2 protein chains.
Amino acid sequence: MGENTGTKAVTLSDVAARAGVSIATASKALNGRGDVAATTRARVRAVAEELSFTPNAMARGLLAGRTGTVGLLTSDLEGRFMLPILMGAEDAFGAGRVNVFLCDARGDAIREQHHLRELLSRRVDGIIVVGRQTDPRSSLGQGISVPVVYAYAPSDDPRDLSLTPDNVAGGRMAIEHLLACGRTRIAHVSGDPSYAAAQDRLTGARQALADAGLQLVGDPMFAEWSEHWGRDATALLLQRHPDIDAIFCGSDQIARGALDSARDLGRAVPDDLAVIGYDNWEVLAENSRPELTSIDANLQQLGRQAAQKVFEAIDGIDVGAGVRHLPVRLAIRGSTIARR
Amino acid sequence: MGENTGTKAVTLSDVAARAGVSIATASKALNGRGDVAATTRARVRAVAEELSFTPNAMARGLLAGRTGTVGLLTSDLEGRFMLPILMGAEDAFGAGRVNVFLCDARGDAIREQHHLRELLSRRVDGIIVVGRQTDPRSSLGQGISVPVVYAYAPSDDPRDLSLTPDNVAGGRMAIEHLLACGRTRIAHVSGDPSYAAAQDRLTGARQALADAGLQLVGDPMFAEWSEHWGRDATALLLQRHPDIDAIFCGSDQIARGALDSARDLGRAVPDDLAVIGYDNWEVLAENSRPELTSIDANLQQLGRQAAQKVFEAIDGIDVGAGVRHLPVRLAIRGSTIARR
DNA sequence: CTGTTAGCGCCTTCAG
DNA sequence: CTGAAGGCGCTAACAG
């Protein structure tokens with residue numbers, strides 16, 4: 001641990017004293033404010049550099065009423081949806097010289113309240129609440145003195161602004177891609193049916209099929225978001241409906257399982273059977289045989305936009321309210337279109 | 001966005017005025033400091049509650065000289081090793097009522113310097129630097145006025161304190177487990193040989209084999225940390241050395257590929273061939289067929305310990321210096337021992 | 001028991 | 001062009 005550890009930080013008055021000027025002059029010199037003689041300014045700056053003076057952001061914030069600080073309140077860091085959102089937000093804020101307070105509530109409402117208090121006591125200029133599912137979550141309430149934006153999990157209060165991926169459009173996009181590939185006998189294997197994401201994707205899929213005068217082969221199969229289930233469901237499916245030519249999977253994990261079962265049962269992907277996943281989780285999608293076509297929710301983009309909205313709200317711009325469904329995109333790989 | 005947005009935060013003097021006491025008395029009443037009449041205290045507390053007063057942490061910090069704030073400087077949020085470490089640290093700090101500033105330098109030294117300055121200007125009480133590989137990284141230097149602890153990627157300066165997983169022990173542990181399972185003809189497939197992690201794990205593996213009077217079958221195979229490589233390498237390996245009875249893989253991704261190839265080539269796992277991975281990345285390890293035995297680096301624990309060390313250093317306790325190699329553990333699943 | 005006073009480090013008038 | 005004074009919100013000594 002550095003030998004300088006514990007040294008008291010140098011203050012503006014240290015710099016002023018060493019430069020032989022008053023604190024006020026030193027302040028002006030360093031901030032380029034007011035009229036200061038060029039020589040004086042240079043001298044002060046040199047001293048500041050020499051002492052490696054760093055202005056105390058707290059003292060500044062106390063005056064300014066702004067801290068240049070934003071709270072990121074996550075419900076569960078573990079979820080893999082958090083990370084890209086967090087990255088996007090951190091990225092956007094970092095570019096604007098704002099720092100991020102990270103708080104993980106571990107999915108616990110009490111801990112969340114606790115963290116909220118802390119963030120407010122630190123006078124963050126704004127808050128982004130990131131949830132782990134797209135199901136609506138309870139609002140933090142309207143009595144908060146700084147702007148709040150909800151990302152991924154929308155707030156259940158329409159007065160709040162929420163950004164969430166458009167799962168209905170994603171479901172539609174998946175089916176439209178399969179149709180474009182000439183598939184017509186399409187089945188659906190998804191995860192936990194209690195998730196809004198599962199229902200929304202199904203809704204979109206059905207819309208797209210209906211638009212083409214088609215419908216799903218068999219009932220949609222729901223259970224859990226795992227490879228195991230993807231394997232089991234697909235085996236069952238191919239036995240019951242051997243004539244299907246495509247499977248729309250509710251997640252990439254399920255799709256990986258589907259690919260495994262298809263291979264076991266001698267069905268060639270994509271020639272004989274097309275498989276499309278959801279999430280575009282690259283570690284899974286790019287390492288399967290064949291590589292997996294998938295729907296990407298643009299989460300990093302979502303995080304960036306959430307940050308953007310918080311910025312605007314801080315600047316007094318009206319960012320509106322309600323749930324915004326952000327567009328998703330298709331990542332095409334070999335599981336739906338033969339390569340080369 | 002809440003209708004209260006923009007309202008000026010209520011201050012202690014608001015509370016004091018409304019309660020008909022002086023600011024000092026209000027402060028004492030709320031903090032349980034000094035002697036205050038029980039009735040007064042109750043009244044002040046009621047008013048504070050009513051106005052939903054939140055003390056200004058900045059003003060407090062200004063007096064106390066401590067901010068109750070720690071910086072987490074990551075080099076790359078994307079890496080999956082970051083998340084558990086970050087969680088562990090956030091967890092430990094959260095319990096101690098400390099908040100975390102998250103900064104992602106995106107692997108860029110200039111951005112790192114920039115973030116470091118920001119953290120110092122916010123007067124964080126300490127800093128954890130989290131790297132994405134176990135290769136030593138350049139030190140932030142000794143001129144920093146707060147304690148710094150390096151996690152995962154150790155500092156190249158022995159005067160710094162670094163916590164990193166013990167990859168040598170991990171390699172040894174993997175081999176010892178395979179030996180305990182009765183395997184003797186063991187091969188090694190790993191990732192990018194320029195990673196210290198790859199070399200350290202190999203070193204540990206060789207030590208354990210030597211202790212048993214054995215050696216690796218064939219040369220260790222290095223290329224990249226991917227399923228693709230795991231598949232290709234394993235196919236090659238089984239062709240060149242059909243008599244091997246176990247593969248120690250440098251990552252779970254590689255191990256997943258190994259399982260795939262083994263299945264393709266008709267080798268039964270674990271009866272005919274045992275496979276052990278590294279990282280214990282549960283999404284991969286628990287969804288393979290059979291499930292994957294793996295070495296777990298206890299990263300969340302590592303993050304917690306880093307936080308702990310920072311705490312101690314802040315409290316003036318000497319935490320020492322140098323690189324600490326933290327113990328890893330074995331997660332046994334079906335790829336080395338038949339289930340049931 | 002309560003209120004007054006003096007700062008923490010910085011920035012912003014406003015005189016000199 | 002420079003410096004002295006006031007105050008951001010809060011707490012820690014002191015008086016009263």
Side-chain angles (χ1 to χ4, degrees), chain A residues 7-45 47-48 51-69 117-118 120-125 145-146, chain B residues 7-45 47-48 51-69 117-118 120-125 145-146:
Chain A
T7 312
K8 261 197 87 53
V10 337
T11 78
L12 185 57
S13 72
D14 295 336
V15 176
R18 195 96 132 76
V21 296
S22 75
I23 298 180
T25 306
S27 170
K28 287 176 206 155
L30 293 176
N31 298 312
R33 225 57 78 99
D35 290 315
V36 180
T39 60
T40 313
R41 170 156 303 162
R43 185 155 36 93
V44 172
R45 289 216 159 129
V47 172
L51 301 181
S52 69
F53 164 72
T54 327
N56 186 325
M58 281 184 302
R60 252 185 189 167
L62 207 50
L63 268 313
R66 264 196 200 189
T67 55
T69 278
R117 289 194 98 73
E118 292 198 318
L120 292 177
S121 100
R122 295 207 185 278
R123 296 297 186 266
V124 292
D125 296 329
S145 52
V146 296
Chain B
T7 312
K8 259 195 87 54
V10 338
T11 76
L12 186 57
S13 73
D14 295 337
V15 176
R18 195 96 133 72
V21 296
S22 77
I23 300 181
T25 305
S27 170
K28 287 176 207 154
L30 292 176
N31 298 310
R33 226 57 77 100
D35 289 317
V36 181
T39 60
T40 313
R41 170 158 302 164
R43 185 155 37 92
V44 172
R45 291 214 159 132
V47 171
L51 301 181
S52 68
F53 164 73
T54 326
N56 186 326
M58 283 183 301
R60 259 189 184 162
L62 208 48
L63 266 314
R66 265 196 200 190
T67 56
T69 278
R117 288 193 99 72
E118 293 200 316
L120 292 178
S121 100
R122 297 207 184 279
R123 295 295 187 270
V124 293
D125 297 329
S145 52
V146 296

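Sequence lines set the chain letters: A, B, ... in the order given, protein chains first and strands last, and positions in each chain run from 1. Keep in mind that the numbers below use all heavy atoms, side chains included, and drop hydrogens, waters and symmetry copies. Bear in mind the structure is a predicted one, so any value in this text is a computation, not a measurement.
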State, to 0.1 Å, how close S13(A) and I23(A) come at their nearest heavy-atom pair, and which atoms those are. CB-CD1, 3.6 Å

Taking only residues at least two apart or on different chains, which pairs with a member in residues 16-25 of chain B satisfy side chain to side chain donor-acceptor pair (under 3.5 Å)? R18(B)-E50(B), S22(B)-T25(B)

So does T40(A) get a side-chain nitrogen or oxygen closer than 4.0 Å to the phosphate oxygens (OP1/OP2) of dC1(D)? no

Of all residues at least two apart in sequence or in a different chain, which pass the salt bridge (Lys or Arg N to Asp or Glu O under 4.0 Å) check with R45(A)? none

For R123(A), does its backbone N or O pair with a side-chain atom of T67(A) as donor and acceptor, under 3.5 Å? yes

It should be established whether S22(A) places a side-chain nitrogen or oxygen under 4.0 Å from OP1 or OP2 of nucleotide dG3(D). yes

Taking all non-hydrogen atoms of both residues, which atom of F53(A) and which atom of L12(A) are closest, and how far apart? CE1-N, 3.3 Å

Nearest heavy-atom approach of V146(A) to V124(A) is CG1-O, 3.2 Å

Please report the closest heavy-atom contact between V21(A) and V44(A), naming both atoms and the distance. CG2-CG2, 4.0 Å

Under 3.5 Å, which donor-acceptor pairs do the side chains of residues 55-63 of chain A form with other protein atoms, sequence neighbours left out?
unit_1: N56(A); atom_1: OD1; unit_2: M58(A); atom_2: N; d: 2.8
unit_1: N56(A); atom_1: OD1; unit_2: A59(A); atom_2: N; d: 3.3
unit_1: R60(A); atom_1: NH2; unit_2: N31(A); atom_2: OD1; d: 3.1

Using the C1' atoms of the five pairs at each end, what is the angle between the end axes of the helix from dC1(C)-dG16(D) to dG16(C)-dC1(D), to 10°? 50°

I'd like a list of close polar pairs between nucleotides 8-11 of chain D and the protein, N/O only, cut-off under 3.5 Å.
unit_1: dG9(D); atom_1: N2; unit_2: A59(B); atom_2: O; d: 3.3
unit_1: dC10(D); atom_1: OP1; unit_2: N56(B); atom_2: N; d: 3.2
unit_1: dC10(D); atom_1: OP2; unit_2: L12(B); atom_2: N; d: 2.3
unit_1: dT11(D); atom_1: OP1; unit_2: N31(B); atom_2: ND2; d: 3.3
unit_1: dT11(D); atom_1: OP1; unit_2: R60(B); atom_2: NE; d: 2.7
unit_1: dT11(D); atom_1: OP1; unit_2: R60(B); atom_2: NH2; d: 3.1
unit_1: dT11(D); atom_1: OP2; unit_2: S27(B); atom_2: OG; d: 2.9
unit_1: dT11(D); atom_1: OP2; unit_2: N31(B); atom_2: ND2; d: 3.4

Going 5' to 3' along DNA chain C, between which two nucleotides do contacts with chain B fall, using a heavy-atom cut-off of 4.0 Å? dC1(C) to dG9(C)

Would you name the heavy atoms of V15(B) and V10(B) that are closest together and state the gap between them? CG2-CG2, 4.5 Å

Hey, are the side chains of T40(B) and R43(B) touching, using non-hydrogen atoms and a 4.5 Å cut-off? yes

